[in-house]
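These notes concern the structure reproduced below.
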Amino acid sequence: MKKYFLTTPIYYVNAAPHIGHTYTTIAADAIKRLKRIQGYDVTLVTGTDEHGQKIERAAAAANKSPQAFTDVVSAEFRKQWEDLGLQIDAFQRTTAPNHAKVVQEFFATCLKNGYVYKNAYTGQYCVSCELYVTDAKPGDNCPDCGRPTETVTEENFYFKLSAFQDQLLELHEKNPEFLQPESKRNEVLAFIRQGLKDISISRTTIKWGIPVPNEAPHVFYVWFDALNTYRSAVDAATWPADLHLIGKEIVRFHAIFWPAFLWAAGLPLPKKIFAHGWLLFENDKMSKSKGNIVRATPIKNVIGADALRYFLLREIPFGSDGSFSYDALIGRYNSDLANGLGNLCSRTLALIQQNCDSRIPQSSGDPEIAAAAALAVDSALDSYEQLNFSKALETIWGFIGTLDKFIVERAPWKLAKSGETAKLHETLYTAAEAVRLITELVSPVIPESAAKIWAQLGFETSLDSVRTDDLTWGKLPVGQTIQNLAGVFPRADLKLMTEEMKQGEAAELARQKELLGQTAAPAEAAAPAAPPAPAMAEGVSPIAPEITIDDFIKVDLRVGLVKTAEKVKGADKLLHLSIDIGEPEPRSIVAGIALAYQPEQLVNRKVVIVANLAPRKLRGLTSQGMIVAASLEGGSPALAAFIEEVPVGARLK
RNA sequence: UGCGGGGUGGAGCAGUCUGGUAGCUCGUUGGGCUCAUAACCCAAAGGUCACAGGUUCAAAUCCUGUCCCCGCAACCA
């Protein structure tokens with residue numbers, strides 16, 4: 001049998017899974033089911049990426065060893081997929097013993113082939129991103145996360161990415177199918193044309209990683225380690241993958257690094273990489289500060305996994321960014337699943353129950369509907385093949401509309417009264433047979449519900465055994481007895497369900513926090529193999545670790561009076577202030593508050609500043625301190641102020 | 001200021017590559033039906049396709065310019 005091997009990203013476990021991870025994995029599961037219908041022997045791999053400094057830190061914050069910490073979070077991912085009924089064939093962890101062996105052998109081969117070398121490097125390193133910042137000087141901030149960089153000299157192993165520049169260019173130029181959607185391919189081509197530099201693939205500053213053989217204290221750095229999970233999860237014969245399903249943030253690593261690594265090791269490349277978009281919340285990026293991160297479990301508990309699957313795959317064109325909201329989810333559920341598919345099944349089966357003694361009547365069905373069905377099947381399969389789920393579902397639902405219309409036109413309830421049995425039977429057979437085809441077609445997207453309808457149609461076989469050949473008209477056995485009629489998609493009450501999901505969300509958040517350890521580091525987004533949206537929290541951000549009074553007293557907070565304020569040229573967010581704190585000269589302070597305050601609002605206002613903060617240059621201006629402000633939702637600041645009169649220069653403690 | 005992505009009836013989107021009747025879902029209004037989950041069917045209202053030029057027999061679609069929105073970065077000590 002033909003094989004099909006697909007993967008999700010290997011999720012970074014510095015935080016618990018949220019709906020962004022779920023989106024990717026659900027899509028992968030749907031593709032798996034689809035490929036099975038097409039007759040493939042399908043292997044779906046997912047897993048967790050568990051090494052690196054961020055994990056070390058998150059673990060430390062939770063008072064756990066890295067291994068214990070990742071055990072917990074990894075299990076959380078695995079449990080999530082089980083809860084949602086996803087058909088995962090292999091769940092691989094980067095901490096798995098066999099994985100380390102695969103990575104080490106992979107390295108040895110690259111070394112032998114001359115694509116790896118050792119070199120000393122001094123540069124500015126961002127601890128948070130675990131990345132060297134090129135072109136940065138000491139004191140500069142990380143361009144990605146904005147945190148200060150540290151000057152680090154390190155001996156690293158390097159991978160000769162530069163050696164593959166032409167080959168990579170050719171790969172992407174000649175194989176437009178290799179990376180989709182096309183917009184991503186263009187970005188990658190542009191990136192390659194800029195010129196590729198060799199990349200560091202080991203670290204000596206990190207302990208929590210796979211050791212480079214005989215080269216302690218070197219451990220492998222994220223991508224050399226994580227990407228190989230796709231190989232270590234399966235036996236050698238299963239490689240290469242037919243499809244890597246990824247989020248758009250990790251395109252570069254999959255479309256540039258990974259092919260180069262594989263070439264260096266003399267291994268075949270994956271057939272295709274597909275990057276889907278971000279999942280936004282009501283058109284906003286999900287983020288901790290906005291408190292709008294959503295998790296799958298509460299949604300599943302309230303409205304069902306299939307409702308979520310259907311929503312994600314129908315509402316969002318695969319490859320584009322999409323927007324999640326409770327309103328849209330429930331709206332889709334009611335109009336498409338309850339009123340559409342659910343109601344069609346309900347009326348069809350009820351008619352058969354009432355008029356045909358619950359047996360599928362003798363007929364070959366209406367030829368026009370049969371023809372429409374064939375068209376719908378072809379068109380839907382075609383869209384599916386392009387991973388265009390939304391279009392495939394749109395086509396199927398168009399066919400559902402055709403049937404509703406057909407039933408009204410035929411009015412079988414009238415045929416029954418007037419005794420037109422032959423026509424009645426033809427009508428009901430047509431409806432039931434169409435429902436069968438629809439059920440098979442939607443099964444990759446809503447497997448649980450499709451299986452229910454399947455059983456109601458009287459089938460005793462598993463829906464998983466359906467193949468493309470079955471998708472032709474007339475395969476519904478005449479005389480088969482329909483079973484246990486019950487609504488598959490009861491209508492949802494918008495207000496009630498939204499409320500329940502929000503409550504469930506709050507509870508789930510609390511549970512996850514508990515799981516990760518109360519003071520878990522607010523590990524943010526940009527996690528290597530993780531899709532959209534930052535991790536963690538909503539509402540109140542976690543309280544920082546405990547300090548002593550001695551720690552606090554180190555911070556010198558003073559009351560200051562704003563003397564002048566002006567916008568910083570060429571910067572949207574910065575204001576340049578001079579602030580009197582009783583010193584001979586007012587301080588020059590640059591603050592990122594221009595979006596919230598006009599300069600004239602601030603002059604003569606009393607503010608609180610951190611007076612003993614190391615000076616720093618921002619946009620060419622020296623800032624000798626920092627203004628204290630509450631950080632509101634969306635990141636906008638509100639300056640601290642006093643109700644009583646306070647003298648300039650007074651210290652806060 | 002760069003780099004992306006957008007601006008299409010009340011809402012959300014498709015259509016733009018490959019010019020030629022502006023389409024879908026939801027919502028609204030009127031009617032129908034009663035098998036079905038207050039569902040389903042029919043009909044109607046509602047858009048100068050952001051703006052301005054240009055190419056063309058013909059532009060939502062191609063070209064030029066402008067405006068606006070969103071994300072990211074530069075800059076939130």
Side-chain angles (χ1 to χ4, degrees), chain A residues 141-148 182-184 186-187 190 248-249 277-278 280 282-285 287 314-317 320-323 325 327-328 331-332 334-355 388 390-391 393-395 397-398 400-401 403-417 424 427-428 431 485-492 526 568-576 587 589-596 609-629 631 635-637:
Chain A
N141 279 358
C142 170
D144 284 331
C145 69
R147 293 182 179 81
E182 203 179 324
S183 58
K184 297 293 172 296
N186 294 335
E187 284 173 24
K248 68 178 183 181
E249 75 283 4
W278 287 159
L280 312 174
E282 290 173 355
N283 278 328
D284 253 339
K285 193 170 171 180
S287 77
R314 170 65 185 85
E315 186 88 0
I316 304 165
S320 314
D321 287 355
S323 186
S325 74
D327 278 8
R332 271 286 171 204
N334 276 334
S335 68
D336 291 8
L337 295 178
N339 298 351
L341 179 57
N343 184 56
L344 175 66
C345 294
S346 182
R347 69 197 307 202
T348 300
L349 295 173
L351 282 163
I352 291 172
Q353 186 181 44
Q354 289 157 24
N355 298 298
N388 192 339
S390 50
K391 197 170 171 207
L393 293 170
E394 199 179 322
T395 302
W397 258 258
I400 289 175
L403 280 161
D404 272 326
K405 187 174 179 174
F406 171 77
I407 291 175
V408 167
E409 282 170 355
R410 287 290 185 102
W413 47 94
K414 282 185 188 163
L415 298 175
K417 276 181 195 156
L424 173 67
T427 303
L428 298 187
L485 304 194
V488 179
F489 304 106
R491 278 184 66 83
V568 175
K569 249 191 181 176
D572 300 337
K573 297 187 186 172
L574 296 183
L575 290 184
H576 185 202
R587 296 251 183 146
I589 290 185
V590 181
I593 55 173
L595 296 180
I609 70 162
V610 182
N612 61 339
L613 202 60
R616 165 117 196 278
K617 278 205 169 184
L618 283 171
R619 206 72 197 177
L621 299 163
T622 301
S623 184
Q624 305 163 307
M626 169 180 165
I627 296 198
V628 175
S631 183
S636 78

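From a predicted model like this one, the values you see are computed outputs, not experimental measurements.
With distances taken from any side-chain atom of A:Lys414 to the nucleotides B:U34, B:C26, B:C40, the minimum falls on B:U34. With B:A77, B:C41, B:G12 as the choices, the nucleotide that has an atom nearest any side-chain atom of A:Ser623 turns out to be B:A77. Side chain of A:Leu351, nearest nucleotide from B:C24, B:C35, B:C41: B:C35. Set against B:C40, B:A77, B:U34, the side chain of A:Met626 has B:A77 as its closest nucleotide. Closest contact between the side chain of A:Glu394 and the listed nucleotides B:C35, B:C24, B:U37 involves B:C24. Here the side chain of A:Ser335 is nearest to one of B:C40, B:C26, B:C35, namely B:C26.
Pair check for B:A60 finds none; no Watson-Crick or G-U wobble contact set falls under 3.5 Å. Base pairing of B:U16 is not made with any nucleotide, judged by Watson-Crick or G-U wobble geometry with both donor-acceptor distances under 3.5 Å. Using the Watson-Crick or G-U wobble rule with both distances under 3.5 Å, B:G71 pairs with B:C3. With a cut-off of 3.5 Å on both Watson-Crick or G-U wobble distances, the partner of B:G65 is given as B:C51. When Watson-Crick and G-U wobble pairs are counted only if both distances are under 3.5 Å, B:A44 pairs with B:U28. Base pairing of B:U21 is not made with any nucleotide, judged by Watson-Crick or G-U wobble geometry with both donor-acceptor distances under 3.5 Å.
Within the 4.0 angstrom heavy-atom criterion, only backbone atoms of the sugar-phosphate kind lie near A:Gly625; the bases stay farther away. Within the nucleic acid shown, A:Ser346 comes within 4.0 Å of at least one base atom, counting heavy atoms only. Here A:Glu409 lies out of heavy-atom contact (under 4.0 Å) with every strand. Within the 4.0 angstrom heavy-atom criterion, only backbone atoms of the sugar-phosphate kind lie near A:Ala591; the bases stay farther away. In this structure, A:Asn339 reaches the sugar-phosphate backbone alone: every heavy-atom distance under 4.0 Å involves primed, P, OP1 or OP2 atoms, never a base.
Between A:Asn355 atom CG and B:C35 atom P there is a gap of 10 Å when expressed in whole angstrom units. Distance A:Arg491 CZ to B:C26 C1': 12 Å, rounded to the nearest Å.
In plain terms, the two heavy atoms of A:Ile407 and A:Pro412 that are nearest each other are O-CD, 3.2 Å.
Summarising the geometry, atom CG belonging to A:Asn334 is positioned 9.0 Å from atom CG belonging to A:Leu337; distances are rounded to the nearest 0.5 Å.
Taking side-chain N and O atoms only, A:Lys405 has no distance below 4.0 Å to OP1 or OP2 of B:C40.
Across the interface with RNA chain B, nearest-nucleotide mapping of A:Asp404 and A:Gly487 shows A:Gly487 to be the residue nearer the 5′ end.
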